[in-house]
A.B. asks: 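The structure is given below, and queries will be raised subsequently.
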Amino acid sequence: MEQKISVAIIGCGAFAHHFVELFKAHPNTKKVYVCDLIPEKAEAFATEFGVEIIGSFEEALERKDITCVANFTRRHQHGDISIRALEAGKHVFSAVPMASTVEECREIVRLVEKTGLIYMIGETCYYYPCAMFCREAYQSGRMGDFAYGASQYYHHIDDISYGKVKEERGMPPLFYPTHSTAMLLSAVNSYAKKVVCFGCRTEDPAFRKDGNVWGNEFINQYVLMELACGGTARVTEARGFGYGRPSSYISSLYGTKGSYEFNNAQHLLYEKELGSETEKVHLTDISDYVNPADMVRNKTVPDFKERVANGEWQWSSPAEIQKKEYARIPKSFRGLKNGHMASHQLLIDDFCSAVIKRETPVLNAWFAARCNIPGLIAIESAKQGGVPLTVPDLGDAPEK
């Protein structure tokens, strides 16, 4: 069992920038290295954060003193990088998605099962307040049996990182489904058995079959998923909507006893009065419980709704519902940057603690596969005009 971990951060891009300081500050960490194919990027990180540079990914795999790899490479490279790191005996923290093929997802799960190494997907939306509330309400029984839910990731292609990289611009939206799936599937503790998907075309030349390496022609993709629990989920991955924030959220979750709905800054819980002779429901506005604290403090400002629609107060400020999780955050994180609905600190603490304790994290390889694979299968459904396709399931994470 490791006493302290050493982490090689592979890929010094915009997303990795949010995590170097957190890895460095965690009490379980003794050393952080950074690496990038563009030396200037690694040098900038080293100067800003006071960490060392490692010359290449291959060197990081060979070094016995490096115990963990943090995979922040381009999203379609994640599977290969994670597999190579696991094969080299390294624990892996990976940005989303897990991989871009079902075969890579299978191999990651196989290697984790074989080696006992820790693999964790850095899915920010698992800790989004809306997802946490829906898990809490559903698991308490207040919603009854799950019937239908909808989650989505709306991020215009011109405002997303890979939209600015020519060779990645036409990537199928469902290569990146885990923000949507992680929220909804974790809320109802289920997984997809079958999917049917349709797509929306665009005039953007990058989204043509001959305009990208994936043969993708859809800028938006819409999936219906049959879940193992008997309910149905709708997931939308859109890169062509004229929409602001929040970009990732659960818009609705309906059960036999209660339902949740969200729009802009308003979160509502409806609970049916069972046994009543009327169609009466009890409505609770839970917005102050689910919205970030900074948003709640500013809810009376005149242009509140417009500022919410433009992403204000949705980055580093924890919501009331997140306070229970934040009770475990190490003191060394206080005052450090956070992000994505105050999820970053929770994710890094999960990973660093899991490696030291050798305990399977909640965002483990099996969960990651259940979030990722339905999107990959849905891409094929859309290509075939919306035919229903079965989703392979890699099972539950082992108890230990």
A.B. asks: Between Glu237 and Tyr176, is there a side-chain donor-acceptor contact under 3.5 Å, judged purely by atom types and distance?
C.D. replies: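 The criterion, which ignores hydrogens and geometry beyond distance, is not satisfied for Glu237 and Tyr176.
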A.B. asks: Kindly indicate whether a cation-pi arrangement holds for Arg63 with Tyr33, taking the cut-offs as under 6.0 Å to the six-membered ring centre and within 45° of the axis.
C.D. replies: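 Cation-pi check for Arg63 and Tyr33: passes.
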A.B. asks: Are Thr232 and Glu226 close enough that a side-chain donor and a side-chain acceptor fall under 3.5 Å?
C.D. replies: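 The criterion, which ignores hydrogens and geometry beyond distance, is not satisfied for Glu226 and Thr232.
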A.B. asks: Angle class for the Tyr148/Tyr254 ring planes (parallel below 30°, perpendicular above 60°, tilted otherwise)?
C.D. replies: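 Answer is parallel, since the angle falls under 30°.
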A.B. asks: Would Arg75 pass as a cation-pi partner of Tyr162, given that its NZ or CZ must be under 6.0 Å from the six-membered ring centre and within 45 degrees of the axis?
C.D. replies: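 No, a cation-pi geometry is absent between Arg75 and Tyr162.
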A.B. asks: Would you kindly say whether His17 and Glu48 are connected by a side-chain donor-acceptor distance under 3.5 Å?
C.D. replies: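 Short answer, yes.
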A.B. asks: Distance alone, cut at 3.5 Å: any donor-acceptor contact between the side chains of Tyr191 and Asp396?
C.D. replies: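 No, no side-chain donor-acceptor pair sits under 3.5 Å.
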A.B. asks: Under the 6.0 Å and 45° cation-pi test, does Arg245 pair with Tyr154?
C.D. replies: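 Here Arg245 fails the 6.0 Å and 45° test against Tyr154.
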A.B. asks: If the threshold is 4.0 Å, N to carboxylate O, is there a salt bridge linking Glu217 and Arg201?
C.D. replies: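 Looking at Arg201 together with Glu217, the answer is yes, because their closest N to O distance falls below 4.0 Å.
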A.B. asks: Judged by modelled atom types alone, do Ser332 and Arg334 share a side-chain donor-acceptor pair under 3.5 Å?
C.D. replies: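 Judged by distance alone, the side chains do not pair up.
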A.B. asks: Side chains of Asn291 and His267: any donor to acceptor distance under 3.5 Å?
C.D. replies: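 There is such a pair (donor and acceptor under 3.5 Å, judged by atom type) between the side chains of His267 and Asn291.
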A.B. asks: Give the ring-plane orientation class for Tyr138 versus Phe146, where under 30° counts as parallel, over 60° as perpendicular and anything between as tilted.
C.D. replies: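 Rings of Tyr138 and Phe146: perpendicular, as their planes differ by over 60°.
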A.B. asks: Measuring centre to centre across the rings, with the benzene-like ring taken for any Trp, is His26 within less than 6.0 Å of Phe333?
C.D. replies: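 Judged by ring-centre distance (under 6.0 Å), His26 and Phe333 do meet the cut-off.
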A.B. asks: For the residue pair His344 and His18, categorise the inter-ring angle as parallel (less than 30°), tilted (30 to 60°) or perpendicular (more than 60°).
C.D. replies: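 Rings of His344 and His18: tilted, as their planes differ by 30° to 60°.
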